[in-house]
Amino acid sequence: MAVQVVATAASTSESTVKDSLREIGDIGAVAELLLAESAQATLFAEELTITHVYETLDAVAKTTGKGSARDKIARLVGLLSDASPMEAKYILRTLTGQLRLGIGDMGIIDSLALAFAGEREARERIERAFNVCSDLAQVAEVLAKEGLDSMKNIQAAVGRPIRMMAAKKLSDPAEIIEKAGPEVLVEYKYDGERVQVHKDGEDVILFSRRQEQITEQYPDVVDLVRHQIQADICILEGECIAIDPKTGGTRPFQELMKRRRKTDIDRMSEEVPVAVRFFDILFHKGKDVTALPMAERRKLLESIVQSNERVSLTIGEVTDEPERLMEVFTQAVESGHEGVIAKAIHDGSGYQAGSRSWLWIKLKSSYQEGMADSVDLVVVGAIHGRGKRAGLYGAILASAYDADSDTFPTVCKIGTGFTDEMLVELKERLDHHSIGARSPKVISDIEADVWFSPAEVIEVLGDEMTVSPTHSAGRGRLEGGGLAIRFPRFTGRWREDKDPKQATTVADLIELFERQRGSGQ
DNA sequence: AATGTCTGCCCC
DNA sequence: ATTCTGC
DNA sequence: GCAGAATGGGCAGACATT
C-alpha cells in the first residue's frame with residue numbers, strides 16, 4: 001500500500017517505486033527521492049504541522065470497510081502533496097513502522113533521564129517505572145509534570161501489564177549451573193503462548209508477552225482462573241497450550257494459534273481446548289511480590305494454584321547437578337516439549353521485569369550441536385534486502401530435492417545467520433546462477449525477486465518441521481499441505497561437496513517430521 | 001460467492 | 001522466534 | 001552485554017478482485 005501511495009504522490013508508476021525500493025531498501029528514502037524529482041507542487045503547498053500529520057494518520061487508522069483502502073491511500077497522498085521530500089521520508093517511515101533511527105524504548109528512557117533529571121541514577125528509576133506499567137507515554141508525562149520523585153508512585157497494579165522477564169540461552173548444562181546456580185529450578189518449556197493473568201476477585205484479564213489484551217480469546221482460561229486460583233487479588237504468569245483431552249498430550253503451536261480470533265470463539269474453544277501451566281507469581285494479596293526469590297515465589301504459587309486436568313504448575317525440580325539438568329531436559333524433549341528453562345532460586349532471584357538476565361536460562365535441543373537436525377538445502381531464489389541490507393539479499397528461498405519427480409519444492413526462506421561479510425559473498429556467489437524466471441524444476445508458491453538455477457547447497461539449522469500452507473516440499477504426501485522449517489537459520493556452511501541432487505530430500509524431511517510427531521504425543 | 005493479497009504497536 | 005553488530 | 005535492527009513460519013481478519 002505504501003508503494004501505491006508514493007507512486008501516486010510522485011506521479012510515477014508503481015514499478016518505478018518498486019525498482020527504486022529494490023535498490024535503496026527504504027520506502028521513506030524512496031519517497032524522498034521521487035518526490036524531490038517531481039517537486040513542482042510543493043512550492044504552493046501549505047505548511048505541514050504536526051497536528052495535521054497526526055490527525056491525518058489518526059483518520060487513516062480509523063478508516064474501515066468497503067473502499068477503505070482507496071480512501072486511506074487518497075488521504076496519505078494528500079498529506080504527501082503538502083510535504084517536503086524529507087518530511088515525506090519520515091511520514092512514510094512512521095506509517096510503515098520502520099523509523100530506523102537506532103532508538104528504541106531504552107533509548108527514549110535514556111533521553112528522558114537526561115532531559116528531566118540529568119543524573120545516572122535517574123535512568124534506573126525511570127526504567128523501573130516503565131517495567132511495572134509498560135506505558136512509556138505515561139512515564140514521560142508523569143516525569144515531565146511531577147519530576148523524578150514521582151517515579152516511585154508508579155507501581156505494579158492488577159489490571160496494568162508488567163513487562164515480562166525473559167531468558168538467556170545456553171547450550172551447556174554445566175555453564176548453566178555456573179551462571180544461575182548453585183541450585184536451579186529446571187522447568188519444562190512448553191510450546192504455547194505466554195500469558196500474564198491479572199485477577200481481582202471475579203475480574204480476570206489476560207495479557208500477551210507484548211502487553212496486548214487477549215482476554216477475549218480465552219474465555220475458558222478466564223473461567224479456569226476463577227475456579228482454580230485461590231487468591232483474590234493476584235498476578236500470575238503461565239504458558240497457555242493447546243491440548244488433546246483424550247491423550248492429555250500437547251498439540252502444536254499452530255493449533256493454538258487458531259484461538260487468536262474474534263469470531264467463533266466458543267466453537268473454537270471446544271475444537272482447540274487449552275490448558276495453562278503456571279510458573280510465576282508477581283502480585284499477591286494486593287502486594288508486589290517480585291522481590292521475593294524464585295524459590296519463595298514458587299512455593300507461594302503452589303499454595304494458591306489448585307490443580308486439575310487443565311490447570312497446573314509447570315513440571316520442574318530443583319537440582320545442582322548438570323547431569324540431572326540434562327535428564328530433565330531429555331524427559332521434556334521426549335515428551336514432546338521444546339526444552340527447559342533453568343531458573344536461579346537464590347536470594348537474589350527476584351522477578352526482573354522487562355529484562356533478559358542470567359537468572360533464567362533456556363535450553364532447547366536446537367542449541368545443542370548435533371542434537372538438532374540440520375539440513376542441506378538448495379538455493380533457488382532471493383529476496384532483496386531492506387534497511388542495512390539494501391543492495392544485498394535480505395533472505396534466500398531454499399528447496400529440498402524431490403527425487404521422485406526430480407523437482408525442487410521449497411521448504412523455507414532463510415534471513416538470519418549471515419554476517420555482513422557473508423551477505424556480500426552470498427550475492428556474488430549466487431548471482432552467478434541468476435536466471436530470468438523460475439526454473440520449471442523449482443516448485444514455489446512464493447515469488448522471489450531473483451531466481452537461481454538450482455546449484456548452490458547450504459546448511460540450514462531449524463527447530464522443527466511444521467505442516468505448511470505455503471511451502472511445497474512433501475505436498476500431496478501429507479495431510480494438510482507441505483512441510484516447512486520453523487526458525488530457519490544459516491549455519492555459515494556452504495556444502496560445496498554436494499550438488500543439488502544430493503541435498504536433503506523430501507523423503508528425508510517426511511521422516512524427520514514423522515519422528516518428531518512420534519515423540520510428541 | 002469464491003479467491004487472492006496484505007497486515008498485525010501478532011504470536012512464536 | 002534467531003542472529004549479528006555498534007556502542 | 002545491551003539495545004537495536006535485520007530476518008523466519010503461520011494464524012485470522014479485512015479488503016480487493018474475480
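Keep in mind the model is a prediction, meaning the values are calculated, not measured. Reminder, nothing fancy here: chain letters follow the sequence lines and each chain counts from 1.
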Would you check if there is a donor-acceptor pair between the side chains of [Y] and [X] at a distance under 3.5 Å?
| X | Y | result |
| --- | --- | --- |
| A:Thr505 | A:Asp508 | yes |
| A:Arg489 | A:Ser366 | yes |
| A:Arg194 | A:Ser208 | no |
| A:Glu421 | A:Thr419 | no |

Measuring from the side chain of [X] (C-beta onward, heavy atoms only), which nucleotide among [options] has the closest atom?
| X | options | value |
| --- | --- | --- |
| A:Lys388 | C:dA1, D:dA5, B:dC11 | D:dA5 |
| A:Ala484 | D:dA3, D:dA6, D:dG9 | D:dG9 |
| A:Ile214 | B:dC11, B:dC12, D:dA6 | B:dC11 |
| A:Lys362 | D:dG13, B:dC9, C:dA1 | C:dA1 |
| A:Arg194 | D:dC15, B:dC12, D:dG10 | B:dC12 |
| A:Glu193 | D:dC11, B:dC11, D:dC15 | B:dC11 |
| A:Met106 | B:dC11, D:dA3, D:dT7 | D:dA3 |
| A:Ala69 | D:dG8, C:dT3, D:dC15 | D:dC15 |
| A:Thr466 | D:dC15, D:dG9, D:dA3 | D:dG9 |
| A:Arg123 | D:dA3, D:dA6, C:dT5 | D:dA3 |

When we call it a touch if two heavy atoms are under 4.0 Å apart, what does [X] touch: a base, just sugar-phosphate, or nothing?
| X | answer |
| --- | --- |
| A:Glu212 | sugar-phosphate |
| A:Lys262 | sugar-phosphate |
| A:Arg259 | nothing |
| A:Leu461 | nothing |
| A:Lys364 | sugar-phosphate |
| A:Leu256 | nothing |
| A:Val467 | sugar-phosphate |
| A:Gly462 | nothing |
| A:Ile103 | sugar-phosphate |
| A:Phe490 | nothing |
| A:Gly97 | nothing |

Whole angstrom is fine here: how far is it from [atom1] in [X] over to [atom2] in [N]?
| X | N | atom1 | atom2 | value |
| --- | --- | --- | --- | --- |
| A:Leu377 | D:dG9 | CG | C1' | 14 Å |
| A:Phe253 | D:dG8 | CZ | P | 17 Å |
| A:Glu464 | C:dT2 | CD | C1' | 14 Å |
| A:Asp445 | B:dT3 | CG | P | 15 Å |
| A:Asp105 | D:dC2 | CG | C1' | 14 Å |
| A:Ile414 | D:dA6 | CD1 | C1' | 15 Å |
| A:Arg251 | B:dC12 | CZ | C1' | 17 Å |
| A:Asp420 | C:dT5 | CG | C1' | 7 Å |

(request) For A:His346 and A:Gly348, indicate whether the former's side chain and the latter's backbone hold a donor-acceptor pair under 3.5 Å. (result)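 Judged by distance alone, yes, a pair lies under 3.5 Å.
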
Measuring to OP1 and OP2 of [N], would you say a side-chain N or O of [X] lies under 4.0 angstrom away?
| X | N | result |
| --- | --- | --- |
| A:Arg486 | C:dA1 | no |
| A:Ser468 | D:dG9 | no |
| A:Arg489 | C:dT2 | no |
| A:Arg100 | D:dA6 | yes |
| A:Lys66 | D:dA16 | no |
| A:Ser208 | B:dC10 | no |
| A:Arg209 | C:dA1 | yes |
| A:Lys168 | D:dG1 | no |
| A:Tyr393 | D:dT7 | no |

Nearest-angstrom distance, [atom1] atom, [N] to [M]:
| N | M | atom1 | value |
| --- | --- | --- | --- |
| B:dT3 | C:dG6 | P | 49 Å |
| D:dA16 | B:dC9 | C1' | 25 Å |
| B:dC6 | D:dG8 | P | 15 Å |
| B:dC12 | D:dA6 | P | 22 Å |
| D:dT7 | B:dT7 | P | 15 Å |

Ion pair check, [X] and [Y], cut-off under 4.0 Å:
| X | Y | answer |
| --- | --- | --- |
| A:Glu187 | A:Arg277 | no |
| A:Arg93 | A:Asp26 | yes |
| A:Asp220 | A:Arg259 | yes |
| A:Arg429 | A:Glu456 | yes |

(request) Identify, between A:Lys189 and A:Thr419, the residue whose nearest nucleotide on DNA chain C lies closer to the 5' end. (result)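 It is A:Lys189, whose closest nucleotide lies nearer the 5' terminus.
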
(message) As a quick check of understanding, evaluate side chain to side chain contact (heavy atoms under 4.5 Å, CB included) for A:Val197 and A:Phe278, giving each step before the final call.
(response) CA-CA 10 Å; A:Val197 176; A:Phe278 286 106; 3.9 Å; yes

(request) Describe, in one word, how the ring planes of A:Phe279 and A:Trp360 are oriented to each other, choosing from parallel (under 30°), tilted (30 to 60°) and perpendicular (over 60°). (result)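 Aromatic pair A:Phe279/A:Trp360 classed perpendicular.
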
(message) My understanding is that a pair needs two contacts under 3.5 Å, Watson-Crick or G-U wobble. By that rule, which nucleotide pairs with D:dG4?
(response)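 Base partner found: C:dC4.
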
(request) Grab the two heavy atoms, one from A:Val274 and one from A:Leu224, that are nearest each other, plus how far apart they are. (result)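 Distance-wise, the nearest heavy atoms are O-CD1, 4.5 Å.
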
(message) Should the side chain of A:Thr416 and the base of C:dT2 be counted as holding a donor-acceptor pair, with the cut-off at 3.5 Å?
(response)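 Such a pair exists between side chain and base.
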
(request) Mind checking which stems touch DNA chain B? I mean at least 3 consecutive Watson-Crick or G-U pairs, both distances under 3.5 Å. (result)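 In DNA chain B, stems of three or more pairs: B:1-8 with D:11-18, B:10-12 with D:8-10.
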
